[in-house]
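Data first, discussion second: the structure below is written as structure tokens.
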Amino acid sequence: MDWQRADVPVPTRAPTGSTAAYVCGDEAALLVDPADTDDALDSLLSDRTLAHIALTHYHPDHAGAVAHYARETNATVWARRGRAAAFEAATGVTPDKLFSDGTTIPTDAGPVTILDTPGHAPEHVAFETDGTVVSGDLAVAEGSVVVGAPEGDVRAYLSSLRRLHARNPDALLPSHGPRIESPRETCARLISHRLERERRVRAAVNDGADTLDEVLDAAYEKDLTGVRDLARATVLAHLEKLAAEDTVSWDGERAALHPAE
């Protein structure tokens, strides 16, 4: 089952400067992540009947044109169960239907199955068809994905990567950057990267850093010009994970190694 892609220029912190929208089907098609109106996306949709619209998650660089395409096509708009209010706040559209893990969205090309993949955002999902997964911001071919507080959850993100690794799809179709032809290797790389960042955060606390900015400066050994806010949110998410696991104590202001009992 083929997915067609249009890279839509949109304000985004991703280095690509665009977000990929994906379409599956022809006579009853599903559109995923219409970030904005765009000639390339309009061309992709021009000879199709759009039946469904859904999002991998609700960040502005993914959700900007839901209202436009819903209005123009009268397609059924889907949102994650339990996150309908957040969907409406992000898009201005009240969803017609709700999905959860395992829900299938029908298209004329076959059913598309929802995979629960939170972490980058609490509502993040992926869309699976015949060994191919539209993976949103779960994975990238190069570099890493921001998992930053307050919405990012490192424990959930690692679980989502491990779940996808176990499913062993043939390919991942990410929102930013090229198609991923080696999903297991990519998931393993991203897990390793995230655990190494965690190791650095814990080492910083062990060496006496106790404020968020002190931990940040110790955990990153590179110039953070232009991305310091993202790195700061990432370190906070790691501190929250370590605190939830009783590895460190973190009261929102000060960190310390969890005292031995």
Side-chain angles (χ1 to χ4, degrees), residues 3 5 7 12-20 22 32-33 56-57 59 61-62 101 113 115-149 151-204 215-216 218-224 226-242 244-245 247:
W3 289 87
R5 170 174 173 162
D7 288 299
T12 176
R13 300 296 292 273
T16 59
S18 63
T19 298
Y22 290 96
V32 175
D33 285 357
T56 57
H57 61 295
H59 289 170
D61 62 330
H62 292 253
D101 186 54
T113 302
L115 299 181
D116 198 24
T117 55
H120 175 73
E123 69 279 346
H124 198 289
V125 297
F127 299 84
E128 183 178 45
T129 58
D130 296 338
T132 300
V133 175
V134 174
S135 54
D137 284 356
L138 179 63
V140 286
E142 297 179 353
S144 61
V145 172
V146 173
V147 183
E151 287 200 329
D153 185 319
V154 177
R155 290 198 296 171
Y157 179 67
L158 289 170
S159 294
S160 295
L161 286 174
R162 288 169 178 140
R163 182 185 191 195
L164 201 58
H165 183 277
R167 294 183 80 89
N168 193 23
D170 297 327
L172 302 181
L173 307 181
S175 294
H176 309 288
R179 176 185 175 103
I180 297 170
E181 300 287 359
S182 54
R184 289 196 116 182
E185 290 84 348
T186 297
C187 288
R189 176 182 63 79
L190 291 168
I191 290 168
S192 178
H193 170 82
R194 193 57 52 198
L195 293 177
E196 173 60 18
R197 182 65 62 206
E198 177 179 301
R199 186 196 67 76
R200 290 175 176 268
V201 168
R202 185 176 179 181
V215 177
L216 170 63
Y220 281 83
E221 297 176 351
K222 63 180 180 180
D223 182 10
L224 295 175
V227 295
R228 185 175 177 86
D229 60 326
L230 298 180
R232 196 172 191 270
T234 296
V235 168
L236 178 53
H238 275 287
L239 286 171
E240 291 175 345
K241 173 184 182 291
L242 291 169
E245 296 171 347
T247 302

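Side chains are part of it too, since the values below use all heavy atoms of this structure and drop only hydrogens, waters and symmetry mates.
Of the possible donor and acceptor atoms, one in the side chain of H120 sits under 3.5 Å from a partner among the backbone N and O of V146. Judged by distance alone, the side chain of S192 and the main-chain N or O of A188 form no donor-acceptor pair under 3.5 Å. The backbone N or O of D116 lies less than 3.5 Å from a partner atom in the side chain of D101, making a donor-acceptor pair.
The CD1 atom of I180 sits 13.5 Å away from the CG atom of D170 when rounded to the nearest 0.5 Å. Taking CG from L172 and CZ from R184, the interatomic distance works out to 12.0 Å, rounded to the nearest 0.5 Å. To the nearest 0.5 Å, atom CD1 of residue I191 and atom OG of residue S159 are 9.0 Å apart. With values rounded to the nearest 0.5 angstrom, L190 atom CG is found 12.0 Å from E185 atom CD. Atoms OG1 and CG, on T19 and D7 in that order, are 8.5 Å from each other to the nearest 0.5 Å. Here the CZ atom belonging to R167 is positioned 4.0 Å from the CD atom belonging to E128, to the nearest 0.5 angstrom.
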task = For the pair T132 and W3, evaluate side chain to side chain donor-acceptor pair (under 3.5 Å) and give the outcome as yes or no after the intermediate values.
result = CA-CA 9 Å; T132 300; W3 289 87; 5.8 Å; no

request  = Run the numbers on H124 and H59 for ring-ring contact (aromatic ring centres under 6.0 Å, His included), then give the verdict.
outcome  = CA-CA 10 Å; H124 198 289; H59 289 170; 8.4 Å; no

request  = Report the C-alpha separation of R200 and E196 in whole Å, then their side-chain angles, then the decisive distance to 0.1 Å, and conclude whether the salt bridge (Lys or Arg N to Asp or Glu O under 4.0 Å) test is met.
outcome  = CA-CA 6 Å; R200 290 175 176 268; E196 173 60 18; 3.3 Å; yes

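In this structure, G143 and R189 approach most closely via the heavy-atom pair O-NH1, 2.6 Å. Taking both residues in full, the closest heavy atoms of L195 and L158 are given as CD2-CD1, 4.0 Å, listed atom of the first, atom of the second, then distance. Considering every non-hydrogen atom in both A126 and S135, the closest pair reads CB-CA, 4.2 Å. Residues G226 and R13 share a closest heavy-atom pair of O-NH2, 2.9 Å. Here the closest heavy-atom approach between residue A20 and residue P174 is recorded as CB-O, 3.8 Å. In this structure, T12 and D61 approach most closely via the heavy-atom pair OG1-OD2, 2.8 Å.
Taking the charged nitrogens against the carboxylate oxygens, R202 and E198 have no contact shorter than 4.0 Å, which rules out a salt bridge.
Checking each of D33, T56, L173 against Y22 for a side chain to side chain contact (heavy atoms under 4.5 Å, CB included) leaves exactly one that passes, namely L173. Checked options L161, V145, V133; the residue passing with L138 is L161 (criterion: side chain to side chain contact (heavy atoms under 4.5 Å, CB included)).
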